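Notes for the one structure printed next.
All values below were derived from every heavy atom in this structure, side-chain atoms included, with hydrogens, water molecules and symmetry-related copies excluded. The first residue in the sequence is number 1, and the count goes up from there. On a predicted model such as this, the values are computed, not experimentally measured, just so you know.
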Amino acid sequence: MTEVRVEIEADARAAPAAEIAVVRVLGRLPAVWSYGHDVAPHRIRLRISAPGVAPGMVRAAVTAALADPALEPWRLRAH
């Protein structure tokens, strides 16, 4: 099983608190995946285990979750 690590950051000071944003993101991802997370002001670190799913597909799912208007200030962090 592959664990994918993803960082999400807010690009605006008006972003909802990371604690709220992580709940919104996780609510839009598949319930059958396993998750872990760490939050800090304007940053969320996710650990996602998605058996049989390529890492690129996991990142695409997170990107799609971030399309929620309530998460507009949040985006994947470029590495």
Applying side chain to side chain contact (heavy atoms under 4.5 Å, CB included) to Val23 and not counting sequence neighbours gives none
Taken in chain and number order and not counting sequence neighbours, the residues that satisfy side chain to side chain contact (heavy atoms under 4.5 Å, CB included) with Ala70 are Arg24, Asp68
Heavy-atom closest pair (Trp74 atom, Ala17 atom, distance to 0.1 Å) is CZ2-C, 4.3 Å
Only one of Val62, Leu71, Thr63 clears side-chain contact (heavy atoms from CB on, under 4.5 Å) with Ile8; which?
Val62
Between side-chain atoms of residues 39-47 and protein atoms elsewhere (two or more places apart, or another chain), which donor-acceptor pairs fall under 3.5 Å?
| from | atom 1 | to | atom 2 | distance (Å) |
| --- | --- | --- | --- | --- |
| Arg43 | NH2 | Glu9 | OE1 | 3.2 |
| Arg47 | NH1 | Asp38 | OD2 | 2.9 |

For Tyr35 versus Pro30, what's the shortest heavy-atom pair and its separation?
OH-O, 2.6 Å
Please find the pair of heavy atoms, one from Trp33 and one from Ala61, that lie closest to each other, and give the distance.
CH2-CB, 3.7 Å
Charged N to carboxylate O below 4.0 Å: is that the case for Glu7 and Arg5?
no
Who pairs with Arg28 by side-chain hydrogen bond (donor to acceptor under 3.5 Å, both in side chains), at least two apart in sequence or on another chain?
none
My understanding is that only residues two or more places apart in sequence, or in another chain, count here; which of them pass side chain to side chain contact (heavy atoms under 4.5 Å, CB included) with Ala54?
Met57
Among all residues two or more places apart in sequence or in another chain, which pass the side chain to side chain contact (heavy atoms under 4.5 Å, CB included) test with Pro73?
Asp11, Ala12, Ala15, Pro16
